[in-house]
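Some notes on the structure that comes next.
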Amino acid sequence: MALDLTYDSATNVLTVKLGGKLESKDYETLTPYVERLIAEHGKVDMLVILHDFHGWTAGALWEDIKFDVKHFRDIGKLALVGETKWEQGMATFCKPFTTAKVRYFPVEETAAAKAWMAA
């Protein structure tokens, strides 16, 4: 699993790059990082870039659900940038689990996703 986290304090945007299959151990990195940002800055916007993403293991899906429930109100905007139709469906699927404004962008519209995050 490729997991890359980059936070831009000027825009309050956390960019999360995901590739491969997300495992529960990836949340040992992701969750404390996001929780530290939330403690320091309040709501955080997230730009999630999916490249060759193959979903979650069962354990990782459980960690994701726990994260979503705990941080229901802590994400301001969530932009998903992906390569496939099922990734687009993820944007629709996650809406009930967050108060964030959620949008999907095809990979060729990455610049538009970044502009939406900045707006």
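Numbers here simply count residues along the sequence, with the first being 1. Because the structure is predicted, anything quoted here is derived from the model rather than measured.
Leu5 and Val13 are members of different hydrophobic clusters when ILVMFWY side chains are connected at heavy-atom separations under 4.5 Å. Cluster membership check: Met46 does not share its hydrophobic cluster with Val81, using side-chain heavy-atom separations under 4.5 Å among Ile, Leu, Val, Met, Phe, Trp and Tyr. Residues Val16 and Leu47 fall into different hydrophobic clusters, defined by Ile, Leu, Val, Met, Phe, Trp and Tyr side chains chained together at heavy-atom separations under 4.5 Å. Hydrophobic clustering places Val102 together with Val44 (ILVMFWY residues linked when any side-chain heavy atoms are closer than 4.5 Å, directly or through intermediates). Under the 4.5 Å side-chain heavy-atom criterion for Ile, Leu, Val, Met, Phe, Trp and Tyr, Leu78 and Tyr33 are members of the same hydrophobic cluster.
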Practice item. Tell me, with the steps shown, if Glu63 and Trp56 meet side chain to side chain contact (heavy atoms under 4.5 Å, CB included). Key: CA-CA 10 Å; Glu63 292 300 320; Trp56 299 260; over 6 Å; no

Review point. When you look at Leu14 and Val34, which way does the side chain to side chain contact (heavy atoms under 4.5 Å, CB included) test go after all the steps?
Key: CA-CA 8 Å; Leu14 171 61; Val34 174; 3.6 Å; yes

Point to revise | Working for side chain to side chain contact (heavy atoms under 4.5 Å, CB included), residues Leu3 and Leu18 | key: CA-CA 5 Å; Leu3 173 66; Leu18 299 174; 3.3 Å; yes

Exercise for review: Decide yes or no on side chain to side chain contact (heavy atoms under 4.5 Å, CB included) for Asn12 and Tyr7, but give the supporting numbers first.
Suggested key: CA-CA 7 Å; Asn12 194 36; Tyr7 179 69; 2.5 Å; yes

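Ion pair Lys25/Glu28 not flagged as a salt bridge, since none of the NZ, NE, NH1 or NH2 atoms sits closer than 4.0 Å to an Asp/Glu carboxylate oxygen.
In this structure, His71 and Phe67 have tilted ring planes: the angle between them lies in the 30° to 60° band.
A distance-only check finds a donor-acceptor pair linking the side chain of Lys77 to the backbone of Ala119 [under 3.5 Å]. Glu83 places no side-chain N or O within donor-acceptor distance of the main-chain N or O of Val107, the cut-off being under 3.5 Å.
Evaluation of the side chain to side chain donor-acceptor pair (under 3.5 Å) rule for Lys70 yields Glu35 as partners, not counting sequence neighbours.
Applying the salt bridge (charged side-chain N to carboxylate O under 4.0 Å, His left out) test to pairs two or more places apart or on separate chains, those with a residue in residues 39-49 are Arg36-Glu40.
Taken to the nearest 0.5 Å, the CG atom of Asp4 stands 11.5 Å off from the OG1 atom of Thr29. A distance of 5.0 Å separates CG in Leu22 from CZ in Phe53, rounded to the nearest 0.5 Å. Interatomic distance, Thr11 OG1 to Lys114 NZ, rounded to the nearest 0.5 Å: 10.5 Å. Distance CG/Asp74 to CZ/Phe72: 11.0 Å, rounded to 0.5 Å.
Counting all heavy atoms, side chain and backbone alike, Ala79 lies closest to Phe105 at CB-CE1, 4.0 Å.
Other residues, nucleotides and ligands contribute at most 12 non-hydrogen atoms within 6.0 Å of the NE2 atom of His51.
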